[in-house]
Protein chains: 2
Amino acid sequence: MTTAATQRPTLAAVAARAGVSASTASLAFSGAGPVSEATRARVLAAAEELGYAGPDPRAQSLRKGRSGIIGVVMEDRLQYAFSDPVNVAVLEGVADELGPAGFALLLLTDTAESVAGIALAPMDGVILIGCSRDLDVPVTAFRQRGIAIVAIEAEPLEGVVHIDLDNREATAAGARHLRELGHERVGLVTLPLGSAHETQPLSDGLIEGSNVHTTIQRIRGARDVFPDAPGVVAAGFSAEEGLAAGRDLLASHPEITAVIAQSDLLALGVIRAAEEAGMRVPNDLSVLGFDGIRLDGTTHHDLTTLVQPSVEKGRAAGRAAVALVEGGDARGESFSSELHLGSTTAPPRA
Amino acid sequence: MTTAATQRPTLAAVAARAGVSASTASLAFSGAGPVSEATRARVLAAAEELGYAGPDPRAQSLRKGRSGIIGVVMEDRLQYAFSDPVNVAVLEGVADELGPAGFALLLLTDTAESVAGIALAPMDGVILIGCSRDLDVPVTAFRQRGIAIVAIEAEPLEGVVHIDLDNREATAAGARHLRELGHERVGLVTLPLGSAHETQPLSDGLIEGSNVHTTIQRIRGARDVFPDAPGVVAAGFSAEEGLAAGRDLLASHPEITAVIAQSDLLALGVIRAAEEAGMRVPNDLSVLGFDGIRLDGTTHHDLTTLVQPSVEKGRAAGRAAVALVEGGDARGESFSSELHLGSTTAPPRA
DNA sequence: TTGTAAGCGTTATCAT
DNA sequence: ATGATAACGCTTACAA
């Protein structure tokens, strides 16, 4: 298989062949000015003959000062990022908005390498999703380059448009639901708090050392209602990791009657851990999730959870990024979650 | 939130401020030539003062004729594409290779829109993953633009480097394993055959009207051994869709003693369908998967399956793309799968 | 070691 | 409706 380093034809070549000037040929392609039908046809024919596929995006980017590319920064490992259905939904939402707006989506991961690569990619804007790292460094770099920045559920940052979710309030609402049912001893199974992907007991030190906004806010919301709730930090986003965390939590805190899990997948794992330990849900243990993803067929329970508009968050981020890049300014948006009462919460055993 | 349309400083400005020529400043940044330590320091200082973040990638792309961007074309809906763990693994492999090589990854979806967007994005190369569409149109467009093309498990295409998997042979090997156990009536649960994402009986017409290489090859492999095996086409990649397909297959073909599922997730669904119908696996029904993804905690079975090197495929594709872009030529690679004997296949009930 | 000059392929502005 | 000209911001021979 060979790659002929054949010289690609340029607009100038096409123009020459069509017997017009380069500027006219340009107009014929962009339709940005008045060109007679006859000349346009001649130009297009010349292009066809020369195998010219249209203006070179590289030159266009330079000339227009825009590349039409918006980057999305995700968790360091893609397998990780994509194991979270919410992340995927958000990405889908972003893509939904970018495509029609004529923007392409560049996938960046939250690694030193990739953040260096940031310097290399011709991006007009960037969207930060579920990053656990410290955002100051990349954000500063983006700002310096004049790249528009949108962040989803991040701590407030200067010059960044924020797309938010009521993580704290929603979790608190879920917690109140449990308290109203009569629960007093509640445990937490949280999403990861940083890059250390291991199951571990939740401690104040861990929280302080972390900057994973979403996880922290959800912990706060739960503790707004149950200030002393113990917890276990899951090693990841999957049901398996929820299972592991659930086992730990139930073993170390046998007194609890309800678990606030920070995602539906984690909740699913917790339910498995409970059933494994011979408990029934919700009779012996209530379980609350977060996200509202569809878990068809994966469980026979109808999970009580906080339903959040994942795809909408992505769309909002995409729209904001496009607006910023197109010179307008964008306001941040705030989304809220709704408590879905399923069959996994009930009053505690008498 | 505002976006100051402040004029970004240019290399020329930095050079002026440092009292050197633009070319020297360029060298100071790229390190591509001899620059005295003193001048370099001066240039860097000037850059710092002006808030210059380094050469503009847009200008670099034009000048160098390369953008450092490689596109990856996936299934039309990202939620779809990412619901297949193999796709995700492949993508991870691609990212593994691109990052260190200094390339960024552009995510494209297999839609008319996106394929049009192809025209807009400054890509140096492109990798085609699990596309169900007709590839001729996009491939022609890429070729015309001089974009290097790598395809994973696609029908042979002129001027495209192929990364292959022994789909047919591996499936045939799995099928022989079943035959050796004594199975004679075997059913198929296949991956989607096109964009029609619905559960439906497998028919010759469907196969002929389709160009989903992988699915077709795996069907052929199965029928190399069981020529008349009936089948059901799943509506997607997930266990839920395997469940639906499994139900259909078991209902319409109660005589079968084994199922060849085209992915582990589908196999998982088939196992659920069987258990739901009161059959035990493998006693009443043998189930064979494909992929060898880890299904920890999701099932109590050790799935008999064909283990394929998903991440490696991605890496190979990434390497090939980089090699092509860097002017070398790349040979395609062919990977093979290995039969893992688990506990889900056994001789048929006597 | 540093500077000069010539583009890379396109589009925007301004004439004609 | 079309053309000439000048950038866009950078890199790279080549000259000094």
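When reading the values below, keep in mind they use all heavy atoms of this one structure, side chains included, and skip hydrogens, waters and symmetry mates. Lettering of chains follows the sequences in order, A, B, ..., and the numbering in each one begins at 1.
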- Item | Aromatic ring pairing B/Phe29/B/Tyr52, orientation class (parallel under 30°, perpendicular over 60°, tilted between) | perpendicular
Between [options], which one does the side chain of [X] approach most closely?
{"X": "B/Thr39", "options": "C/dT2, D/dT11, C/dG9", "answer": "C/dT2"}
{"X": "B/Leu62", "options": "D/dT2, C/dG3, C/dC8", "answer": "C/dC8"}
{"X": "B/Lys64", "options": "C/dG9, D/dG3, D/dT11", "answer": "D/dT11"}
{"X": "A/Pro55", "options": "D/dG3, C/dT10, D/dA13", "answer": "C/dT10"}
{"X": "B/Ala59", "options": "D/dG9, D/dA4, C/dT1", "answer": "D/dG9"}
{"X": "B/Thr10", "options": "C/dG3, D/dG9, D/dA1", "answer": "D/dG9"}
{"X": "B/Gln60", "options": "C/dT2, C/dT10, D/dC10", "answer": "D/dC10"}
{"X": "A/Arg63", "options": "D/dT2, D/dA7, D/dT12", "answer": "D/dA7"}

- Does A/Ser21 have a side-chain nitrogen or oxygen under 4.0 Å from the phosphate oxygens OP1 or OP2 of D/dG3? yes
- Query: Just to confirm, is there a sub-4.0 Å distance from OP1 or OP2 of D/dT12 to any side-chain nitrogen or oxygen of B/Ser26?
  - Reply: no
Rounded to the Å, how far apart are [X] [atom1] and [N] [atom2]?
{"X": "B/Asp56", "N": "D/dA7", "atom1": "CG", "atom2": "P", "result": "18 Å"}
{"X": "B/Glu37", "N": "C/dT2", "atom1": "CD", "atom2": "C1'", "result": "15 Å"}
{"X": "A/Arg42", "N": "D/dA1", "atom1": "CZ", "atom2": "C1'", "result": "12 Å"}
{"X": "B/Phe29", "N": "D/dT12", "atom1": "CZ", "atom2": "P", "result": "15 Å"}
{"X": "B/Leu11", "N": "D/dT12", "atom1": "CG", "atom2": "P", "result": "12 Å"}
{"X": "B/Arg58", "N": "C/dT10", "atom1": "CZ", "atom2": "P", "result": "18 Å"}
{"X": "A/Leu27", "N": "C/dG9", "atom1": "CG", "atom2": "P", "result": "20 Å"}

- Task: Look only at the side chain of A/Arg42 and the backbone of A/Ala18, and say whether a donor-acceptor pair between them is shorter than 3.5 Å.
- Result: yes
- Taking the side chain from A/His162 and the backbone from A/Ser334, do they hold a donor-acceptor pair closer than 3.5 Å? no
- Among A/Ile147, A/Val160, A/Val126, whose side-chain contact (heavy atoms from CB on, under 4.5 Å) with A/Val139 holds? A/Val160
- Message: Counting the atoms with a prime plus P, OP1 and OP2 as sugar-phosphate, which does A/Tyr52 contact under 4.0 Å by heavy atoms, base, sugar-phosphate, or nothing?
- Response: sugar-phosphate
- Identify whether any heavy atom of B/Ser23 sits under 4.0 Å from a base atom; if not, whether one sits that close to sugar-phosphate; answer base, sugar-phosphate or nothing. base
- With the side chain counted from C-beta on, respond yes when A/Leu11 and A/Asp56 share a heavy-atom pair under 4.5 Å apart, and no when they do not. no
